Amino acid sequence: MTKRERFMKFLANEPVDRAPVAFFHHFCGQEQWFKGLVDESAFQKNVEGHREALKVFDPDVIKIMNDSLMIMPLDTSFVKTPADLRKIQPPTVDSPYGQKTRELTMKVKEIYAGKEAPIYATGFSPIMVLKTSVDGLEVKNARLPKWLAEDPDSVVAALNIIGDAIMALNEMLIKECGVDGIYFSVNNQANFIPEELFTKYVAPTDIRVMEHANALSPINLLHICGYHGKGNNLELFKDYPAAAYNIAVYAEGVSLSDGKKLFGGKPVFGGFAQDTVIYKGTKEEVKKATWDILDECGQVGVMIGADCTVPNDIDDDRFNWVREAAVEYAEKH
């Protein structure tokens, strides 16, 4: 099987010759995240990291890591009340951010030219964009949950404005840049938004963006971002329409097989913690962990990966260990 054939059979819940493998990590440190528009060295490090990684591991699934342009920039410096959110103006596809995103995508695609694996662009939900701008990455005294409770109409209006910009960006990435789909990141870690408010107001704005992406490509993936103890209630996302779901087995405490049931039998991927066995285990320990995952959930509609991104300084050859273990498992089962 080619990598694309195997991946498509994974998405179709059909038997494969061995389970595909999908691990991802950033190429820039957190201090360089979002700096691609003002720091060309960060942008180039972001691009070239893919080339260096490819020398060690030829991936089953290619994901364009957009560290230096990671989450859509949004000026909310003028926002004092929820009503002010109605005036936000996200970047367009022709803005410097949109143009630089196009440039990054095309340069990384060139690195993978001739590779048979499907290629994904990384995307983030409207609430993640707004949260990052309003409350930052490390949330203290968060304003957004309060504003959603006080004036949900204004917050939803802002989420839809952002959603329009994300949909335009996704259309560019799929139609113009030629990626196969969007790797769409969502979360409600540690119940940041009270669940009733999330379900009523936030989820519809996420689903709207996903449905638009699905009209462009039938193989978009959902990454429910949980890590380092910051888990999500997966029930919040069970109606999100994706071709497959990445769940944080360790952060959420939900096995891949249970996650598969929760999402109606649709394909799932993950299984490893981010920075334990995959990061520092011996080759035999990595093999055993891989076999344990496959023993638990089988080889159909399952792809092996991690809760979220693994450490930047990981030896990418460890992903080869996982793939070798998956091949050996398939041969013996």
Side-chain angles (χ1 to χ4, degrees), residues 1-24 59-65 105 112 115-125 128 163 166-167 169-175 177-187 203-226 232 234-249 252 254 256-271 293 297-309 326:
M1 271 180 204
T2 68
K3 290 176 181 176
R4 185 173 291 271
E5 288 170 344
R6 184 180 301 110
F7 182 76
M8 295 306 292
K9 285 187 176 295
F10 151 68
L11 292 183
N13 267 326
E14 295 177 358
V16 290
D17 57 344
R18 54 96 178 162
V21 172
F23 289 95
F24 311 110
D60 290 344
V61 179
I62 297 163
K63 182 160 97 75
I64 298 175
M65 300 301 296
T105 304
Y112 292 106
K115 298 299 179 182
E116 61 188 24
I119 186 164
Y120 282 82
T122 305
F124 295 88
S125 65
M128 291 179 72
I166 294 171
M167 290 189 289
L169 191 69
N170 288 347
E171 188 156 347
M172 177 195 75
L173 291 167
I174 293 172
K175 284 189 172 181
C177 298
V179 302
D180 289 288
I182 304 299
Y183 190 96
F184 193 57
S185 181
V186 300
N187 74 48
T205 66
D206 286 348
I207 291 171
R208 173 173 172 260
V209 173
M210 294 185 69
E211 287 176 340
H212 176 265
N214 290 342
L216 300 168
S217 166
I219 60 170
N220 300 296
L221 305 178
L222 186 70
H223 168 54
I224 305 170
C225 183
N232 299 275
L234 297 180
E235 291 279 348
L236 298 176
F237 306 98
K238 66 181 181 181
D239 294 326
Y240 281 40
Y245 300 80
N246 176 213
I247 63 174
V249 167
E252 262 95 61
V254 177
L256 283 181
S257 60
D258 284 343
K260 206 169 195 297
K261 292 174 186 174
L262 176 66
F263 291 105
K266 283 192 171 184
V268 293
F269 59 105
I293 291 168
C297 62
Q299 300 181 85
V300 176
V302 170
M303 184 163 64
I304 303 169
D307 279 9
C308 192
T309 49

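Values below: every heavy atom of this structure, side chains too, minus hydrogens, waters and symmetry copies. Because the structure is a prediction, the values reported are computed rather than measured.
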Here the pair of heavy atoms bringing V16 nearest to M1 is CA-CE, 3.8 Å
Does the side chain of K260 reach to within under 4.5 Å of the side chain of C297, using non-hydrogen atoms?
-> no
Salt bridge (charged side-chain N to carboxylate O under 4.0 Å, His left out) partners of residues 205-217, not counting sequence neighbours, each pair once | D164-R208
Any chance you could measure T2, atom OG1, to D17, atom CG, to the nearest 0.5 Å?
-> 9.5 Å
What distance do Y120 atom OH and H223 atom NE2 have between them, rounded to the nearest 0.5 Å?
-> 14.5 Å
What one should report as the nearest heavy-atom pair of A248 and G226 is CB-O, 3.4 Å
Kindly say whether I64 contributes a backbone atom to a donor-acceptor pair with the side chain of T122 at under 3.5 angstrom?
-> yes
Which residues pass the salt bridge (charged side-chain N to carboxylate O under 4.0 Å, His left out) test with E171, sequence neighbours left out?
-> K175
Quick one: are L221 and K63 in side-chain contact, heavy atoms under 4.5 Å?
-> no
Ring centres of F184 and Y240 under 6.0 Å apart?
-> no
Those residues that, when tested against D239, pass side-chain hydrogen bond (donor to acceptor under 3.5 Å, both in side chains) (two or more places apart) = none
For the atom pair CG (L216) and CD1 (I174), what is the distance rounded to the nearest 0.5 Å?
-> 4.5 Å
Worked verdict on M210 versus S125 for side chain to side chain contact (heavy atoms under 4.5 Å, CB included) = CA-CA 9 Å; M210 294 185 69; S125 65; over 6 Å; no
By ring pair (Phe, Tyr, Trp, His ring centres under 6.0 Å), F10 pairs with (sequence neighbours left out) F7
Once you round to the nearest 0.5 Å, how far does CG of D258 lie from CD1 of I247?
-> 8.0 Å
Among K9, R4, R18, the one residue meeting salt bridge (charged side-chain N to carboxylate O under 4.0 Å, His left out) with D60 = R18
Listed by chain and number, what are the ring pair (Phe, Tyr, Trp, His ring centres under 6.0 Å) partners of F263, not counting sequence neighbours?
-> Y245
Pairs meeting criterion salt bridge (charged side-chain N to carboxylate O under 4.0 Å, His left out) with involvement of residues 297-308, two or more places apart = none
Are the side chain of N170 and the backbone of I182 linked by a donor-acceptor contact shorter than 3.5 Å?
-> no
Looking at K238 and L262, what are the two nearest heavy atoms and their distance?
-> CB-O, 4.0 Å
Taking all non-hydrogen atoms of both residues, which atom of N232 and which atom of I224 are closest, and how far apart?
-> ND2-CG2, 3.9 Å
Minimum side-chain heavy-atom gap Y183-N246 below 4.5 Å | yes
Between K115 and I62, the two heavy atoms sitting closest are CB-CD1, 4.1 Å
For F124 and I166, run side chain to side chain contact (heavy atoms under 4.5 Å, CB included): C-alpha distance rounded to whole Å, both residues' side-chain angles, the deciding distance at 0.1 Å, then the answer.
-> CA-CA 8 Å; F124 295 88; I166 294 171; 6.0 Å; no
Flag side-chain contact, heavy atom, 4.5 Å: D180 against S217 = no
Quick one: do the N214 and N220 side chains pair a donor with an acceptor below 3.5 Å?
-> yes
Which is it for V61 and M303 under the side chain to side chain contact (heavy atoms under 4.5 Å, CB included) test, yes or no, and what are the steps along the way?
-> CA-CA 10 Å; V61 179; M303 184 163 64; 3.7 Å; yes
On a heavy-atom basis, the closest approach of A117 and P59 is CB-O, 3.4 Å
